[in-house]
Q: 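Below is the structure I would like to discuss, written out as structure tokens.
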Protein chains: 2
Amino acid sequence: MARARTSSGKVRLTEVAKLAGVSPITASRFFRNPEALSPAKRERVDNAARQLGYVPDLAARALASRRTEVVGVLIPSFTNNVFSDVLRGIYDGSGESRYSIQLVNTDYSILQEEKLLRLFKAQRPAGLVVTGINQTAESRAILESMNCPVVQIMELGPDPIDMMVGFSHNAAAFAVISHLIELNFKRIGFLGARMDPRVQRRLEGYTDAMRRAALYDPRLIITTPVSTSVTMGGTLFADLLMKAPDLDAVFCVNDDLALGTLFECQRRRIQVPEDIAIVGFNDLEYVASAVPPLSSVRTNRYDMGRIAITMLMDAIEGRPAPAPVIDLGFELMLRRSSAARRA
Amino acid sequence: MARARTSSGKVRLTEVAKLAGVSPITASRFFRNPEALSPAKRERVDNAARQLGYVPDLAARALASRRTEVVGVLIPSFTNNVFSDVLRGIYDGSGESRYSIQLVNTDYSILQEEKLLRLFKAQRPAGLVVTGINQTAESRAILESMNCPVVQIMELGPDPIDMMVGFSHNAAAFAVISHLIELNFKRIGFLGARMDPRVQRRLEGYTDAMRRAALYDPRLIITTPVSTSVTMGGTLFADLLMKAPDLDAVFCVNDDLALGTLFECQRRRIQVPEDIAIVGFNDLEYVASAVPPLSSVRTNRYDMGRIAITMLMDAIEGRPAPAPVIDLGFELMLRRSSAARRA
DNA sequence: ATGATTATTGACAGCGCTACCACCGCATTG
DNA sequence: CAATGCGGTGGTAGCGCTGTCAATAATCAT
């Protein structure tokens, strides 16, 4: 029966199959699992597809197979430089694969995250990447009901939903503070903004290290729930100086705060590191060229994204990861801003 | 006929229709255009859907209607802060709408862009956002054949594919240089990295302004195709000083280069702005808190994203934009780093 | 050699939704 | 009062692809 609603010149699988002299289903298999075909047919289908310029229809495929080739990625913020590196890793890693990345932003809200997960569920994603380990119970339930591999990134925790790639923020902060204590710094301040879970854990690491050395003093800690910025770094540092004028070092939970602190020191003619040492976090590109170069904690954000998406794709395709939890560690990048000043 | 392959507990439109006592078509219409239903049926379908927790299947919808609700967004880089603001605008703008954003990264390559457009074409997107106006002829052809609204962002040009939101990089650079010339700066350097089309146009603006004042000197221009960074700013500035030791001002094509230049000045004990003035571009958050605060050019990146996606969604839904080309302009943010130094 | 296993292939029947068109009943019009 | 228009509704027939399973051909173990 002739219908007005016929395809708009689009090449369909059937045409490819006809030209190749095989059944549509065989042609279909060629695109999904070429190994299953005999070499002869494989080549015939390949030629036919090439000749016709065939491109599979993803919607039809998704409908028929009841799964998509979409990988959902939930990150808290587009603005934060930290995530742009992770993203680069994710996109690079998914590169030539058939999976497409569906990126969404939770705005640091676990309720927003839950809502987005619900949305994803309706889409039957092939896999998901979520940030952090602080999902709501409901989010976890949704995630578990989705029956697809999940990678949690950015940090590690005791109870992975499925897979994890990250590092211990607590340990990183602990290492920074222990190092400063070894250098004989005593009044080490803590500057934190936004106070998301990762930042909270850096605060815990700081607190542990300070307590262990009997140097803990709540007046050394300044935090704000407001989002982070260089300007905020200056503001928080000014506050800290007021509360603890005898300060000799500052650990900032990120490099923006550290840079803001450095600028504030320049403004007040405070010598860094002679008067006050500064350590940042993330080791963004710019810290090394500041004056003086800022110490920081290098984290493997690009690799984190890359490894996460690779693990995820492997899991989707039934190649289970050798280890479900990967600790990428961190590295103290010690520069002049925290150079030793006392014997 | 009983089939093994029945739906996995998923609620379908048919069930909703049955419960509401209407035909599936009517139920379908409820989700796409509720106004078309009589109030009585509208409410019945609404109740039924709510009661069953119905969520439309996007793949089935896409297959049947032969279009998707995906908006493709092509940007050159995730790392560049500039785009993160645009992205925020895009995501915020698409917020509660039914459109989902499919973000891809061209890595500043128009060939990669062409390839990605080809990929998008197979997906029948509802609309597209592309960066800049330097598409290949082939890309333009693909774009035009796709039959969906397109917004070009970041800059303006004479021959829009469809719609445009941006500003004139040429005019912005021209304004900066004209201002510096008015302040009696004469040996104004130009620092450029990555040299993408927008940066090229800033160089043109610089050149125009310098020529017009008979101050043009190719020795004042340093560029590199390498990607931009704060460190690169320092390196380029050092080069520039070598070629033009009598330099009295530097225009950097972005704030990272400007910050790198500032750091290099600090390292060499060059006074800013007394010895050399610095102007950046983009007005990123940090420039205002540098010491001295850096002059820059504010651009409305967030609005650009937001307006672009809004125009696009309007066009998709048949509400044509009042103006297809929107110039968001720019604003010179004059700060101490380029304060007047001569009468 | 013979049954059993494996590799290839194809027929069938939808996946869940919407485009298209026909239809119904009511109001408006000449 | 028939002709016309229109908002609202439903029936039919796929959209382009793949899961399932059966059939066949090729290979293997005994």
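Residue numbers start from 1 in every chain, and the chains themselves are labelled A, B, ... in the order their sequence lines are given, proteins ahead of strands.
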Q: Tell me: CG of B:Leu58 to C1' of C:dT18, nearest whole Å?
A: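 These atoms are roughly 14 Å apart.
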
Q: Go through B:Lys115 and A:Glu96 one step at a time and tell me if the salt bridge (charged side-chain N to carboxylate O under 4.0 Å, His left out) criterion holds.
A: CA-CA 12 Å; B:Lys115 188 174 153 197; A:Glu96 298 299 303; 3.3 Å; yes

Q: B:Arg67 has an atom CZ; how far is it from atom P of D:dG16, in whole Å?
A: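 In whole Å, D:dG16 P and B:Arg67 CZ are 15 Å from each other.
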
Q: Polar atom pairs between nucleotides 22-27 of chain D and protein, under 3.5 Å, N or O only, would you list them?
A:
none

Q: Which heavy atom in A:Ile90 sits nearest to a heavy atom in A:Ile309, and how many Å separate them?
A: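 That would be O-CG2, 3.7 Å.
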
Q: Looking at C:dA19, C:dA11, C:dG16, which one has an atom nearest to any side-chain atom of A:Ser23?
A: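 Looking only at side-chain atoms, A:Ser23 lies closest to C:dA11.
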
Q: Looking at A:Ser28, I'd like to know whether one of its side-chain N or O atoms comes within less than 4.0 Å of OP1 or OP2 on D:dC17.
A: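 Answer is no, no contact under 4.0 Å.
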
Q: So if I take every side-chain heavy atom of A:Thr26 and compare against C:dT9, C:dT18, D:dT9, which nucleotide ends up nearest?
A: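 Ranking C:dT9, C:dT18, D:dT9 by closest atom to the A:Thr26 side chain puts C:dT9 first.
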
Q: So, using salt bridge (Lys or Arg N to Asp or Glu O under 4.0 Å) as the criterion, who are the partners of A:Asp327 when residues are at least two apart?
A: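 For A:Asp327, no residue satisfies salt bridge (Lys or Arg N to Asp or Glu O under 4.0 Å) once neighbours in sequence are set aside.
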
Q: Looking at A:Arg66, does any N or O in its side chain come under 4.0 Å of the phosphate oxygens OP1/OP2 on C:dC15?
A: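 The answer is no; no side-chain N or O of A:Arg66 sits under 4.0 Å from OP1 or OP2.
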
Q: In residues 29-51 of chain A, which residues come under 4.0 Å of DNA chain D by heavy atom?
A: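 Result for residues 29-51 of chain A: A:Arg32, sorted by number.
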
Q: From the options D:dG19, C:dC17, D:dC17, select the nucleotide whose nearest atom is closest to the side chain of B:Arg61.
A: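 The nucleotide sitting nearest to the side chain is C:dC17.
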
Q: Is any NZ, NE, NH1 or NH2 atom of the basic residue among B:Arg50 and B:Asp46 found under 4.0 Å from an Asp or Glu carboxylate oxygen of the other?
A: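 A salt bridge links B:Arg50 with B:Asp46.
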
Q: The side chain of A:Leu63 lies closest to which of these nucleotides: C:dG16, D:dC17, C:dT18?
A: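 Looking only at side-chain atoms, A:Leu63 lies closest to C:dG16.
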
Q: So does A:Ser65 get a side-chain nitrogen or oxygen closer than 4.0 Å to the phosphate oxygens (OP1/OP2) of D:dC17?
A: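 Looking at the OP1 and OP2 atoms of D:dC17, neither is under 4.0 Å from any side-chain N or O of A:Ser65.
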
Q: Using a strict cut-off of less than 4.0 Å between a Lys/Arg side-chain nitrogen and an Asp/Glu carboxylate oxygen, indicate whether B:Glu15 and B:Lys18 qualify as a salt bridge.
A: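 Between B:Lys18 and B:Glu15 there is no salt bridge, as every charged N stays at least 4.0 Å from the carboxylate O atoms.
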
Q: Output, in order, the C-alpha distance, side-chain angles, deciding distance and verdict of side-chain contact (heavy atoms from CB on, under 4.5 Å) for B:Leu103 and B:Ile75.
A: CA-CA 8 Å; B:Leu103 180 67; B:Ile75 60 168; 4.1 Å; yes

Q: Looking at A:Arg140, I want to see if its CZ is surrounded by more than 12 non-hydrogen atoms of other residues, nucleotides or ligands under 6.0 Å.
A: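 Yes, because the 6.0 Å sphere around CZ of A:Arg140 holds more than 12 heavy atoms from other groups.
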
Q: Quick one: do the B:Thr310 and B:Arg306 side chains pair a donor with an acceptor below 3.5 Å?
A: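 Per modelled atom types, B:Thr310 and B:Arg306 side chains form no pair under 3.5 Å.
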
Q: Whole angstrom is fine here: how far is it from NZ in A:Lys18 over to C1' in C:dA11?
A: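 It is 16 Å, rounded to the nearest whole Å.
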
Q: Are A:Arg124 and C:dC15 close enough that a side-chain N or O sits under 4.0 Å from OP1 or OP2?
A: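 False: A:Arg124 side-chain N/O out of range (4.0 Å or more) of C:dC15 OP1/OP2.
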
Q: Nearest to the side chain of A:Ile25, which nucleotide is it out of D:dC17, D:dT20, C:dC17?
A: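 Nearest listed nucleotide: D:dT20.
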
Q: Decide whether A:Glu113 and A:Ser139 meet the rule of one side-chain donor and one side-chain acceptor closer than 3.5 Å.
A: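 Looking only at side-chain atoms, A:Ser139 and A:Glu113 do not form any donor-acceptor pair under 3.5 Å.
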
